[in-house]
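Presented below is the structure to which this report refers.
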Amino acid sequence: MNGPIKLTSTRVVDNRRQIYITPEAERIISNLQPRSVDVVAVVGPMRKGKSHFANLLCKRKSGFPLGDEMESKTKDFWFWIGPHPVQTNRYLMVVDTEGLGDYSEEEQNEKDMKYLVLATLLSNHLVFNLQGNPDHSFVSQLRLMGDLAEHVRVQKDGNDVGNNLGNHFPELWVAVQDAHLKPPQRNGRRLSPDEFLEDMLERKDGHTKSIRSHNEMTEAVKAFFPKRHLRLIPAPSIDSDILSNLDRAGDDALQTDYKDTVDNFTREIWNSGMVKRVNGDDIRTTGLLHIMRYYVNAINDPNALPSVLGAYEAMAEGEYSRAFEDLMKQFQETVEKTVKPLMPTDEEACNRRIKTAAEGAVSKLSADVGKWDKVGTWKKRLQRKLDAERIALVKLNSDKSKELCEAIIKEVDQQVRQKVGRGDYNRIDGFNTYVREMDAVYSAYRQKASGKGPAVEKVLETFRATEMTRRDTIRDTDDKLVEEDRRVKEEQRMKQEAGAAAERAVEKEKVAKAEAARAAEAQRRAEAERDAEAAKRRAAEAEAEAARQARREEERRNILEIVLDLFGL
């Protein structure tokens, strides 16, 4: 923050003054890191240097507006918040309040009490700024403190028996500016400022109305603020011009005692180590915003009183809600990084990644606000929400798996579909070709769709149902073509057989004629041979007969010769 801004604004609603947290304050506080906050509220009568103190507590010389006129410059509450000057990993929030007892406002007591209640409940250091000398008369200026019990409760139902507001109230610092007198001495020793405060808060003896009022007020202050201190701040300067322009005055223009005292005072608060707590728990910036809203609403309600435990519940509820929203956001971011980019994937892996992210969120919730979630209500609510998210993510994974697997099956089946459209399988043996190519389609699908989520088999099952219809159509077409081919071939066979039979008959006739011709020729030849043989036989017989005749003739001649020889003829 470059400078203080308004923390609250007031307006009259139904004739009642209502306090509101400004939207800018809500925006600034809600955007801070959730760290513990040391809240210092400066209260007190107007025109007594509150805003100057507020600036010093911020380690600044200017920021909160200073005034040197009768009318108060600070209206409502203003605040500055930033890194703590000395404590690490926490914030310092300084609240400058509208001065008590502003003569320009009506219903002053009611307004003063509202502002004092709010400042007291918001802070862990309450600086009550006064001006003058440390004498018993200034104690009367703490009168409003004694009335706090009538305007604040510990329990929501107001049953505060046994409850001490002092256990929940901030540390009180009574800062008396421009003090030039020193505390009195007791037993030869000058009292310290804190001892002097206790001395002024001692009970008085007597029963007069003023004494009773004093005792009631001082007892209330002691009960409400068990930790209380008095600090006496000398005047910054005796020069009225410097006093009127403290925000512009150089350090060399200020008195050394003043600078040392202020430096020690601010460092005491910074080094206290205290942070805002409610019911014993440290309040972070986010929780602070919730209790602020609760206290403002309770103060504005004429039928209610702000209670510490009510604020605690509001803070816890707000922190639950914040943590719930933050963790759901972190869960979604984790899902976006570790789950969705890997979708689609098998359901077990998807569930495992979601479960890891969900368990991280539940564990973080327990670490963050588990101490307030005594019965586990918010843990169960987060688990239900995360389970609903898990179901939605599982469905998303399934939908993406279905979408991708359908795209894959469409891709690997594209050529087969095109062939079906062209009628490439409408031929004999087209079915067997189709079956082989579909086997390749299924193999390609399983390879590409492997690990692509729970829809792999479902999409395949759906596709199979459609593909079986296509398969049956192709098989039926193939069967009809085979049957038609068989019929045609049978007709062709029969025609061929008939032609062959006719050819065989003709051939047979030819053969028969040839055989008859051969038989006739054989017969002719046989007859010729017989005739030749007969002629040969006749020739032979004639020759033989001639030979016989010749022999007989020879024999006759020989016989004749013999006879002749015999007879010597």
Side-chain angles (χ1 to χ4, degrees), residues 1 4-5 7-8 19 21 25-26 28-43 53-54 57-59 77-97 115-128 148 152-154 164-173 224-229 266 268-299 306-323 368-369 371-372:
M1 292 175 61
I5 69 164
L7 178 64
T8 65
I19 303 174
I21 302 172
E26 292 216 12
I28 289 174
I29 296 174
S30 62
N31 286 335
L32 292 171
Q33 292 294 320
R35 296 175 182 170
S36 299
V37 191
D38 183 359
V39 184
V40 184
V42 185
V43 300
F53 251 139
L57 287 165
C58 297
K59 295 189 73 172
F77 283 17
W78 288 68
F79 83 109
W80 176 90
I81 189 168
H84 199 284
V86 296
Q87 306 291 340
T88 59
N89 201 32
R90 66 180 57 173
Y91 292 107
L92 172 68
M93 179 174 174
V94 178
V95 180
D96 186 19
T97 66
Y115 283 173
L116 182 60
V117 166
L118 184 57
T120 301
L121 293 174
L122 289 183
S123 63
N124 52 279
H125 292 292
L126 181 65
V127 178
F128 198 94
L148 283 173
V152 183
R153 293 287 183 265
V154 174
N164 187 353
L165 278 173
N167 295 332
H168 306 282
F169 272 17
E171 187 174 36
L172 176 64
W173 298 81
F224 298 157
F225 300 99
K227 294 181 179 180
R228 51 193 180 269
H229 310 279
T266 54
E268 276 189 285
I269 292 179
W270 294 337
N271 290 317
S272 70
M274 294 178 63
V275 293
K276 176 61 184 173
R277 310 189 86 199
V278 174
N279 200 33
D281 286 334
D282 289 1
I283 302 302
R284 294 174 294 184
T285 45
T286 48
L288 181 64
L289 192 56
H290 297 309
I291 67 170
M292 285 170 58
R293 291 169 180 154
Y294 166 80
Y295 283 140
V296 165
N297 290 335
I299 290 171
S307 72
V308 175
L309 294 185
Y312 181 81
E313 292 179 6
M315 179 274 299
E317 188 76 11
E319 287 290 81
Y320 294 147
S321 181
R322 176 199 59 79
D368 200 13
V369 296
K371 60 184 177 181
W372 300 313

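- Between Met93 and Leu7 there is a side-chain heavy-atom pair separated by less than 4.5 Å.
- Side-chain contact check for Phe169 versus Leu121: some heavy-atom pair is nearer than 4.5 Å.
- When all heavy atoms of Cys58 and Trp80 are compared, the closest pair comes out as SG-CE3, 3.5 Å.
- Between atom NE2 of residue His290 and atom OG of residue Ser30 there is a gap of 9.5 Å, rounded to the nearest 0.5 Å.
- Here the OG1-OH distance, from Thr97 to Tyr115, works out to 9.0 Å after rounding to the nearest 0.5 Å.
- For the pair Phe79 and Ile5, the minimum side-chain heavy-atom distance is below 4.5 Å.
- Checked options Val278, Leu122, Val275, Val37; the residue passing with Ile283 is Val278 (criterion: side chain to side chain contact (heavy atoms under 4.5 Å, CB included)).
- You'll find the side chain of Leu288 reaches within 4.5 Å of the side chain of Ile291, heavy atoms only.
- Taken from CG in Asn297 to CD1 in Ile21, the straight-line distance is 7.5 Å, to the nearest 0.5 Å.
- A heavy-atom distance below 4.5 Å is found between the side chains of Glu26 and Arg293.
- The two atoms that bring Ser123 and Leu126 nearest to each other are OG-CB, 3.9 Å, heavy atoms only.
- Leu57 has its side chain out of reach of His125: every pair of non-hydrogen atoms, C-beta onward, lies at least 4.5 Å apart.
- With sequence neighbours left out, Tyr91 forms a ring pair (Phe, Tyr, Trp, His ring centres under 6.0 Å) with no residue at all.
- Between Ala119 and Ala41 the shortest heavy-atom distance is O-CB, 3.9 Å.
- In this structure, CG in Leu118 is found 4.5 Å from CZ in Phe77, a value given to the nearest 0.5 Å.
- A donor-acceptor pair shorter than 3.5 Å can be found between the side chains of Glu171 and His229.
- Ile299 CD1 to Ile19 CD1: the interatomic distance, rounded to the nearest 0.5 Å, is 5.5 Å.
- Side-chain atoms of Thr285 come within 3.5 Å of backbone atoms of Gln33 as a donor-acceptor pair (strictly under, hydrogens ignored).
- In this structure, the side chains of Gln87 and Asp38 stay at 4.5 Å or more apart for every pair of heavy atoms.
- Put simply, the side chain of Arg277 does not reach to within 4.5 Å of the side chain of Asn124, judged on heavy atoms.
- With sequence neighbours excluded, the residues that form a side chain to side chain contact (heavy atoms under 4.5 Å, CB included) with Pro85 are Lys59, Leu92, Trp270.
- In this structure, CD on Glu313 lies 9.5 Å from CG on Asn279, to the nearest 0.5 angstrom.
- Thr120 and Lys276 make their closest contact through O-NZ, 4.4 Å (heavy atoms, listed as atom of the first residue, atom of the second, distance).
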